[in-house]
Amino acid sequence: MKKLICFLVVILACTQVALSQSREVKVLKANWKFQKGDFEAAHKVNFNDSKWESVTVPHDWAIYGPFDKNVDIQKVAIVQNGETIATEKTGRTGALPHIGTAWYRNTFNLPKDVKGKKIILLFEGAMSEPQIYLNGKKVGEWAYGYSYFYFDVSQFIQEGANTLSVKLTNKEFASRWYPGAGLYRNVSVIIKNNESIDQWGQFIKTPFISEELAKVNIKTKVSGENTRLVTTIFDAEGHKLNSSESTIQFGKEFDQNIKVVKPKLWSPETPYLYKAVSQLYVGNELKDENTTVFGIREIKYEANKGFSLNGKSTKFKGVCLHHDLGPLGVAVNKAALRRQMTILKDMGCNAIRSSHNMPSFEQLELADEMGFLFLAESFDEWAKPKVENGYHRFFEEYAEKDIVNLVQATRNHPSIVMWSSGNEVPDQWGEEGVKRAKWLQEIFHREDPTRPVTVGMDQVKATIESGFGALLDIPGLNYRVHLYDEAYKKFPQGFILGSETASTVSSRGIYKFPVVQEKMKQYPDFQSSSYDLEACSWSNVPDEDFVLQDDKPWVIGEFVWTGFDYLGEPTPYDESWPSRSSYFGINDLAGLPKDRYYLYRSRWNTKEPTLHILPHWNWEGREGEITPVFVYTNYNSAELFINGKSMGVQKKNKNTPQNRYRLMWMDVKYEPGKVKVVAFDDNGKAVAEQEVRTAGKPCQIVLNADRKTITANGEDISFVTVSVVDKNGIPCPTATNQLKFKVTGAGTYRAACNGDATSLEMFNKDTMKLFSGKLVVLVKSTITAGDIKLEVNGAGLKSGKLTLNALK
Ligand code: GAL
């Protein structure tokens, strides 16, 4: 009998295979062929794809460019931005060539005894409108490019070679940001027995938690007759805890309850994870085995008390994130996600909102492991359009299916503490919209009774009047700081979430004078000032949100728009080519912190001190002119010195919103040299200092890797920050040198990014200009272990050299 269970597999080079005794998961990463265009016969087995490009999946076909103004030129009024007259917009979806049809083909092998098995074909995201064919026959289709979906393809497969063909179509005017293009998340083939645990068929809950014990409830949907389920819980160290064995099914579902003694609770500070291993038997024969990672934690949302995690009142110190990874486009990469989340952790951020669609599995795994509270969102549109070819085309047919898949696939992640059914949907207006809000929320509740649902609302007055806001579990306000009090009074929930806040705009290392608060301010260089006083007509500076967060106990937290810059939506330069990526990020598109990073860090990171000076001090030509100095710090007061002369002590002042969170010396006159700040504790004792110096001419290239040792798996990436310093080692903050990159040894050059929203240099080319003295080079591992050497050169500069190490 054993033979039936353990079958031999032909392992494709570089295809990841997870083998348990009874099921096999093949992640189809290698051997893909790709071609843009439509081909009538590309679904047929004997179609000749030998001339097509060889690619690996995850893949984004559009990120290699070129940037082109004509890709997404459109004459529209962006109604969400309060516009009434249509004007020409460029760069709205990143100006990258993502529109059109393309095909992917992959031939993979299945073992001899595969007929009679259950074969699942799983897509974790396909941009977009995927049509799936296996061995020449249509298997199925989906619509939304952000959804996870699967098909049972048992009837379509054969022994030996199988040919999978996928057609993808991206329409124009289908997005408000860069959606990417292609098979940008994993595609897997799962081979299991007919008696097996259903796809996403397990739901783990922890209905009772005390210090002594937790009751873990595990519901498992299965297929097949006369089955017996044994589920065992392991702790994070791999110790076997308790197990349960059941033969009784409720419908097609086992319902097991297992005790965990003295449970270790999951939280952002202590992201402790357990594992449930479920084994399905018929008689004594193991038919299937499935492992689910879960956490034990309690979430509560209460009127006037707000959100609590494990009994501890907790505020969301969150950021919104779009799904692109800057220079990698939307092709999911765990190293890139981990780097983003490491940067966010250091900032003290504890929460992420996947705006405005389903998060990748990789991001959720990292959120569980690293400790982030997660708001998983589904849609940016319901039945009423925001863009001509948006999700409204699919809403009626797909909304329920998309939510079911989102919830079933991800509900065991302890990090997810809230769902969102929509963002600023135009359906906030009118009776139909109220009904849709209720319908969608009830689908979430049916699939997951343990978590509440929100919608990011910008039409606050309308939703107060219509009942739309009142029916939601969690009323989420996008911006509208002036309406928080009214919304709190009129809504019945007793708390308000800042589901989207700030939308302050800035460009890393760019400062504009005079220093004044502005809305929709534009400059000839298409950059925004890093004094962090510029926002959009509908948005605000961070300080205004901080006041609400601090003074209103019923505000349960905020999700800042956005943690990182993203491709597309170059507001306030929607009409200014070549702006093609956002200015909203706390960090730029390369992942480099802007000044704002330190403003949030000074509030959110309560463990380590923050003391940050801005602007830089290279202002040739501004001698004697007013050049204000700001300090972002957790200390309440500090003294500023310019070339040793005191500019006086500044103290945070609760009564003026701007002085409440920043220390500002508005009258400083520029003279080259040294800016020094000395911070005081509450007893007036000098406890920390920081300085910024005027740099001389660029002299030497300096390289700094986020990780010097990476894994030789063909996917891992080291992110190397490249900067230039003068002959004394002082960073040159305005350098724009053109640099060239060379990678040799056991790695490859993957991409570079300088964070300049107006740059038309392609990320995958081995040359780029510095922006405000910096850029980031991405070095990727191969599947060979060994040293990787990166060399960066620039005319007239001493080269930068760095050796990384790839380990098996
Ligand atoms: C919000 C919207 C976001 C983004 C942002 C820019 O209204 O939800 O997707 O467009 O504005 O400020």
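All values below come from the heavy atoms of this structure, side chains included, with hydrogens, waters and symmetry mates left out. Counting starts at 1 for both ligands and their atoms, in listed order. One is the number of the first residue; the rest follow in order along the sequence.
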Peer 1: Do the side-chain N and O atoms of Ser147 and Asp402 include a donor-acceptor pair separated by under 3.5 angstrom?
Peer 2: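 Yes, because at least one side-chain N or O of Ser147 sits under 3.5 Å from a partner of the opposite role on Asp402.
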Peer 1: Which of the numbered atoms in ligand 1 are under 4.0 angstrom from any heavy atom belonging to Phe584?
Peer 2: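 Taking each heavy atom of Phe584 in turn, ligand 1 has 6 (C), 12 (O) under 4.0 Å.
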Peer 1: Of all the non-hydrogen atoms in the protein, which one sits nearest to atom 5 (C) of ligand 1, and at what distance?
Peer 2: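 Heavy-atom neighbour on the protein nearest atom 5 (C) of ligand 1: Glu500 OE2, 3.4 Å.
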Peer 1: Run the side chain to side chain contact (heavy atoms under 4.5 Å, CB included) check on Met457 and Phe468 step by step: do they pass?
Peer 2: CA-CA 10 Å; Met457 299 182 288; Phe468 184 113; 3.8 Å; yes
Peer 1: Ring centroids only, cut at 6.0 angstrom: are Trp554 and Tyr488 within range, meaning strictly under it?
Peer 2: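 Distance test on ring centres: under 6.0 Å, yes.
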Peer 1: So is Tyr479 in contact with ligand 1, going by heavy-atom distances below 4.0 Å?
Peer 2: yes
Peer 1: Can you tell me the protein heavy atom closest to atom 10 (O) of ligand 1 and the distance?
Peer 2: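 Here the nearest protein heavy atom works out to Glu569 OE2, 2.5 Å.
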Peer 1: Identify the protein heavy atom lying closest to atom 9 (O) of ligand 1, giving its residue, its atom name and the separation to 0.1 Å.
Peer 2: His356 NE2, 2.5 Å
Peer 1: Heavy atoms only: which of Asp380, Asn423, Asp458 is nearest to atom 8 (O) of ligand 1?
Peer 2: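 Ranked by closest heavy atom to atom 8 (O) of ligand 1, first place is Asn423.
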Peer 1: Identify, for atom 12 (O) of ligand 1, the protein heavy atom at the shortest distance, and state residue, atom and that distance.
Peer 2: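 It is Ser503 OG, 2.6 Å.
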Peer 1: Give a yes or no on whether the ring-centroid distance for Tyr144 and Tyr146 is below 6.0 angstrom.
Peer 2: yes
Peer 1: Any idea which atoms of ligand 1 are less than 4.0 Å away from a heavy-atom of Trp561?
Peer 2: 3 (C), 4 (C), 5 (C), 6 (C), 9 (O)
Peer 1: Do Phe564 and Leu325 touch side chain to side chain, with heavy atoms closer than 4.5 Å?
Peer 2: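 No. Closest side-chain heavy atoms not under 4.5 Å.
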Peer 1: Over 60° means perpendicular and under 30° means parallel, so classify the ring planes of Phe513 and Tyr531, tilted if in between.
Peer 2: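 Plane angle over 60°, so perpendicular.
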